[in-house]
Colleague: 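Please see the structure below; I have some questions.
In what follows, every heavy atom counts, from backbone to side chain, and hydrogens, waters and symmetry copies are set aside.
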Amino acid sequence: MLPESVFVAVGIILATTSFFCLYRAVKGPSAPDRLVAVNVIGTKTLVILVLFAFIYGRTLYIDVAIVYALINFLSTLTISKYLEKGRVVG
């Protein structure tokens, strides 16, 4: 089995398991559960982007993954602060 095919298989598994997190994001019992599910989906998307970069040999995907990770992290912090305090600033 070629290494590229292993990475493709891992990417397919990650994409498939993202649907379980999507279910939790929609049907979550509370807002923090939904936030964690969306964060996990973002992290899995980041890993899939890095796998694509490795499979196709394109460094552009790595740059996109870094920006996506930063946006994912900042949005999670902002939403969690809003859920905790009811406001974002202050």
Colleague: Should V8 and V50 be regarded as members of a common hydrophobic cluster, given that ILVMFWY residues are connected when their side-chain heavy atoms come within less than 4.5 Å of each other, either directly or indirectly?
Modeller: no
Colleague: For the atom pair CZ (R58) and CG (D63), what is the distance rounded to the nearest 0.5 Å?
Modeller: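 So the gap between those two atoms works out to 11.0 Å.
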Colleague: Please give me the minimum heavy-atom distance between T17 and K44, naming the atom from each residue.
Modeller: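 So the two residues come closest at OG1-NZ, 2.7 Å.
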Colleague: Can you name the closest pair of heavy atoms from A25 and A37 and give their distance?
Modeller: N-CB, 3.7 Å
Colleague: Can you classify the ring geometry of F7 versus F54 as parallel (below 30°), tilted (30 to 60°) or perpendicular (above 60°)?
Modeller: perpendicular
Colleague: If you look at every heavy atom in T78 and L74, which pair is closest and at what distance?
Modeller: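 In this case the closest contact between T78 and L74 is OG1-O, 2.8 Å.
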Colleague: Going through the checks in order, is the side chain to side chain contact (heavy atoms under 4.5 Å, CB included) test met by Y68 and T45?
Modeller: CA-CA 9 Å; Y68 188 77; T45 305; 3.9 Å; yes
Colleague: On a heavy-atom basis, which atom in I48 and which in G11 lie closest, and how many Å separate them?
Modeller: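 Reported closest heavy-atom pair: CD1-O, 4.0 Å.
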Colleague: Is there a donor-acceptor pair closer than 3.5 Å between any side-chain N or O of R34 and the backbone N or O of G28?
Modeller: yes
Colleague: With a 4.5 Å cut-off on side-chain heavy-atom distances among I, L, V, M, F, W and Y, is there a chain of contacts connecting L51 to Y61?
Modeller: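 L51 clusters together with Y61.
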Colleague: Under 4.5 Å between side-chain heavy atoms, counting indirect links through other Ile/Leu/Val/Met/Phe/Trp/Tyr residues: same cluster for I12 and V40 or not?
Modeller: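 Different clusters: I12 never reaches V40 through Ile, Leu, Val, Met, Phe, Trp or Tyr contacts under 4.5 Å.
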Colleague: How about L46 and N72: do any of their side-chain heavy atoms sit closer than 4.5 Å?
Modeller: no
Colleague: What's the separation between atom CG in N39 and atom CG in L77, rounded to the nearest 0.5 Å?
Modeller: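 Going from CG on N39 over to CG on L77, the span is 9.0 Å.
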Colleague: Check whether I41 and I79 end up in the same hydrophobic cluster, where Ile, Leu, Val, Met, Phe, Trp and Tyr are linked by side-chain heavy atoms less than 4.5 Å apart.
Modeller: no
Colleague: How many angstroms lie between CG in L35 and OG in S75, if you round to the nearest 0.5 Å?
Modeller: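 Nearest 0.5 Å value for the CG-OG distance: 8.0 Å.
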Colleague: State yes or no: do I62 and L60 share one hydrophobic cluster built from I, L, V, M, F, W and Y residues joined by side-chain heavy-atom distances below 4.5 Å, directly or via other members?
Modeller: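 No.
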Colleague: So, do P32 and E84 sit near enough that their side-chain heavy atoms are less than 4.5 Å apart?
Modeller: no
Colleague: With the side chain counted from C-beta on, respond yes when T76 and V36 share a heavy-atom pair under 4.5 Å apart, and no when they do not.
Modeller: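 T76 does not reach V36 side chain to side chain.
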